[in-house]
Amino acid sequence: MVEFLNLQKINKRFEPEFNKVYQNFLDSGHYVLGAEVATFEKNLAHYCGTSHCIGVANGLDALTLIFKAYIHLGKLKQGDKVMVPSNTYIASILAVINAGLEPIFIEPDETTFNISPSEILRQINPEVKAILVVHLYGQLADMEAISAISEKHGLLILEDAAQAHGAVFSSEFRVQSSALGVGDATENLVSFTNQVGNFKKAGNLGHAAAFSFYPTKNLGALGDAGAVTTNNHDLAETIKLMRNYGSSKKYINNIIGYNSRLDEIQAAFLNIKLKYLDADNAKRRKVANRYLSEINNPKVRLPYCDGSENHVFHVFAVRVDNRDDFTSYLDKNEIGWLIHYPIAPHNQDALKTRNNLNLPITEAIHKTEVSLPLSPVLSDDEVQKVINSVNNFR
C-alpha cells in the first residue's frame, strides 16, 4: 500500500530532537509565549525575509487577525470588498467573512489553479480594497501581475501561504502585464522585485501573509499552529496585541482582542523542522518531477510546473474526467489518494447566499481533481508503483 500521507513516518525522523526540546519545555516551566515562540518568530521572519513574524493558534486565525488588524488601523472598514480565489479551501473565505468583510469570488487560471489576474481586472471596482492571494497546492500565484494591479488601484495584497512554505518567486513565471492593461511589464517587474528586496519567498510577496502549520503542511506542527509575516511594524504590533486579549501587559487591555497564541511546544517542534524545510521541499520536487516526466496517460491531466522553485508541491493535483472510476482503480491498486476539494466553497451549505454564483472553471476543477501520494518520505519503489498504476489506468 502506498499511503497518501504518513505523518508518523515524516515526524519519526525528528524524534530525537523532539524528545530533547520536549524535555527542555517541561523543565522550563514556561508554557505560553515563551522563548521557543520568540525564537520561531525570529527564525521564520528571517527565512521569509520579513521584518516581523507573529505566532498564532492556526492558519484561519492568522488570516482573520490580519483583516481585523487592518480594520483597527483604518486601512479597511466593515463591509469593504476583498477579492478571493473561488478555487480554494473554505478557510480563506471564512477569514474574510469573519472579519466583517465581503468576499468577491474570482475564477482561477485553469492552468495553474491560482487566482486569475485577468479575472481580477475584469471584476475590479472602487469598492474592492484588497486581494487575498492563495498559493494553492504549493504553487505561487502570478505575483508580478497581481502586484502591478495592486499598485495601479491602491489595493492591499494579502497572501494565504498555508500550502506554499518555502516557495520562491521566479521572474521566469510571469505574464505580459502590459497585455492586462497594467503598464509596462519590465517596469512592473522592477517595482515588484524592489518591493520584496533580496527575499522572494512566500510570506514576503505582499503586504502581509498568513501561514498554517497544520500537521499535513510542508512545515507541519504536531497540532494546530499558525503565523503572520509582514514588513509593516504597526500591523505586526496590532496583531501581537490582538492574539493575546488585546493586552500589551498582563491585565492591561489596550484594544479588543482574542486568544490566539502559538503554543510553546508547537513552536519548539517547528523550530526543528524549519531547518529541514528546504531539503524536504527538494525531495517533494524530485518526486513531482518523476511524476511529470514518467506519467503518460491521456486520461490523466498533469499539473503545470514551470521548473522553478515557485512550486513546493504541497499536493500533486491531477485532473481526471471519470474521477470515480479512477479513484476506485487506485483503491484496487492500493494507491492512496485525496480530493482537494470535493465541493467548491460557493456550493457549501455554510455559504448558501453564494450558491447561485456562476463559476464554471472552479466547479470543473472541483469535480475532476485528484491528489496523488507525494511526501519527502516516499521511497523510489513507492513512487514507481504510483507511476505504473496511473499509466495502466484505462
Side-chain angles (χ1 to χ4, degrees), residues 2-5 84-93 105-119 133-142 160 162-164 216 284 287-306 310-351 354-375 383 385-394:
V2 181
E3 295 178 85
F4 178 75
L5 189 65
V84 299
S86 51
N87 179 45
T88 185
Y89 183 57
I90 196 171
S92 310
I93 296 157
F105 291 70
I106 305 298
E107 285 267 60
D109 179 299
E110 197 165 7
T111 300
T112 66
F113 304 124
N114 281 324
I115 191 168
S116 165
S118 59
E119 281 297 303
V133 177
V134 181
H135 305 307
L136 196 66
Y137 304 149
Q139 182 166 226
L140 295 180
D142 188 350
D160 182 339
Q163 299 184 10
T216 60
R284 287 174 176 273
V287 174
N289 285 335
R290 284 201 62 191
Y291 286 167
L292 290 168
S293 61
E294 298 179 42
I295 291 177
N296 183 16
N297 187 330
K299 293 184 179 294
V300 180
R301 286 168 282 175
L302 300 176
Y304 171 79
C305 177
D306 71 356
N310 72 3
H311 205 324
V312 292
F313 290 98
H314 173 59
V315 297
F316 191 88
V318 303
R319 294 182 64 186
V320 184
D321 290 333
N322 47 343
R323 184 168 66 186
D324 289 346
D325 289 345
F326 183 61
T327 54
S328 294
Y329 168 83
L330 293 177
D331 286 338
K332 291 176 183 177
N333 285 271
E334 299 187 319
I335 304 294
W337 55 272
L338 209 60
I339 295 172
H340 293 87
Y341 301 95
I343 303 174
H346 71 281
N347 287 330
Q348 297 280 3
D349 286 344
L351 302 180
R354 278 87 177 180
N355 286 174
N356 62 344
L357 291 176
N358 181 31
L359 300 167
I361 297 175
T362 294
E363 293 184 12
I365 292 171
H366 283 256
K367 290 176 181 176
T368 57
E369 193 277 342
V370 181
S371 298
L372 298 178
L374 195 154
S375 84
V383 173
K385 181 174 180 178
V386 173
I387 292 167
N388 292 344
S389 297
V390 174
N391 282 340
N392 290 329
F393 171 65
R394 295 291 180 267

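Below, all heavy atoms of this structure are taken into account, side chains as well, without hydrogens, waters or symmetry copies. Here the structure is a predicted model, which is why all the values come from computation and not from measurement.
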Test side-chain contact (heavy atoms from CB on, under 4.5 Å) applied to Asn297 and Arg394, step by step: CA-CA 9 Å; Asn297 187 330; Arg394 295 291 180 267; 3.8 Å; yes
Dump the intermediate steps for side-chain contact (heavy atoms from CB on, under 4.5 Å) on Asp160 and Val133, then the final yes or no. CA-CA 6 Å; Asp160 182 339; Val133 177; over 6 Å; no
Going through the checks in order, is the side-chain contact (heavy atoms from CB on, under 4.5 Å) test met by Asp142 and Thr112? CA-CA 9 Å; Asp142 188 350; Thr112 66; over 6 Å; no
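Residues Glu110 and Arg319 are paired through a salt bridge, judged by an N-O separation under 4.0 Å between the basic side chain and the carboxylate.
Leu372 has its side chain within reach of Leu330: a pair of non-hydrogen atoms, C-beta onward, lies under 4.5 Å apart. Taking 4.5 Å as the limit, every side-chain heavy atom of Asn333 sits out of range of all side-chain heavy atoms of Lys385. A 4.5 Å side-chain heavy-atom check between Ser389 and Tyr329 finds at least one atom pair inside the cut-off. Contact check for Leu292 versus Phe316: side-chain heavy atoms found under the 4.5 Å cut-off. With contacts defined as side-chain heavy-atom distances shorter than 4.5 Å, the pair Val287/Phe313 does not qualify. By the 4.5 Å heavy-atom criterion applied to side chains, Val320 and Val300 are counted as neighbours. A 4.5 Å side-chain heavy-atom check between Arg284 and Val312 finds every atom pair outside the cut-off. Ile295 has its side chain out of reach of Val318: every pair of non-hydrogen atoms, C-beta onward, lies at least 4.5 Å apart.
Taking the salt bridge (Lys or Arg N to Asp or Glu O under 4.0 Å) definition, one finds that Asp325 meets it with nothing, sequence neighbours left out. Residues meeting the side chain to side chain donor-acceptor pair (under 3.5 Å) test with Thr88, sequence neighbours left out: Ser92. In this structure, His346 has no ring pair (Phe, Tyr, Trp, His ring centres under 6.0 Å) partners at least two apart in sequence or on a different chain. In this structure, the salt bridge (Lys or Arg N to Asp or Glu O under 4.0 Å) partners of Arg354, at least two apart in sequence or on a different chain, are Glu102. Under the rule for a side chain to side chain donor-acceptor pair (under 3.5 Å), Glu334 has no partner lying at least two apart in sequence or in another chain. Residues satisfying the side chain to side chain contact (heavy atoms under 4.5 Å, CB included) criterion with Asp331, sequence neighbours excluded, are Trp337. Considering only residues two or more places apart in sequence or on other chains, Leu338 meets the side chain to side chain contact (heavy atoms under 4.5 Å, CB included) condition with Phe4, His340. In this structure Thr362 satisfies the side chain to side chain donor-acceptor pair (under 3.5 Å) test together with Ser86, Glu107, sequence neighbours excluded. In terms of the side chain to side chain contact (heavy atoms under 4.5 Å, CB included) criterion, residue partners of Tyr89 (sequence neighbours excluded) are, by chain and number, Ala91, Tyr341. Residues passing the side chain to side chain donor-acceptor pair (under 3.5 Å) test with Glu3 are Asn6, sequence neighbours excluded. For Glu363, there are no salt bridge (Lys or Arg N to Asp or Glu O under 4.0 Å) partners at least two apart in sequence or on another chain. Residues passing the ring pair (Phe, Tyr, Trp, His ring centres under 6.0 Å) test with Phe105, sequence neighbours excluded: none.
In this structure, Asn392 CG and Ile387 CD1 are separated by 11.5 Å, a value rounded to the nearest 0.5 Å. Expressed to the nearest 0.5 Å, how far CD of Gln163 lies from NE2 of His311 amounts to 10.0 Å. Distance check, rounded to the nearest 0.5 Å: CD of Gln139 to CG of Asp306 gives 6.5 Å. Note that CG of Asn310 is 10.0 Å distant from NE2 of His135, once rounded to the nearest 0.5 Å. The distance from atom CG of Leu136 to atom CG of Asp109, rounded to the nearest 0.5 Å, is 12.0 Å. With rounding to the nearest 0.5 Å, the separation of CD1 in Ile343 from CG in Leu351 is 11.5 Å.
Closest non-hydrogen pair, Ile106 versus Glu119, comes out as CG2-CB, 3.6 Å. The two atoms that bring Thr368 and Arg323 nearest to each other are N-NH1, 3.6 Å, heavy atoms only. Nearest heavy atom pair, residue Tyr291 against residue Pro373, reads OH-O, 2.7 Å. Minimum heavy-atom separation, Leu5 to Leu374: CD1-O, 4.4 Å.
Between the side chain of His366 and the backbone N or O of Pro342 there is no donor-acceptor pair closer than 3.5 Å. At distances below 3.5 Å, not a single donor-acceptor pair connects side-chain atoms of Asn87 with backbone N or O atoms of Ile365.
Among Asn114, Val134, Ile361, Ile115, the one residue that satisfies the side-chain contact (heavy atoms from CB on, under 4.5 Å) test with Pro108 is Ile361.
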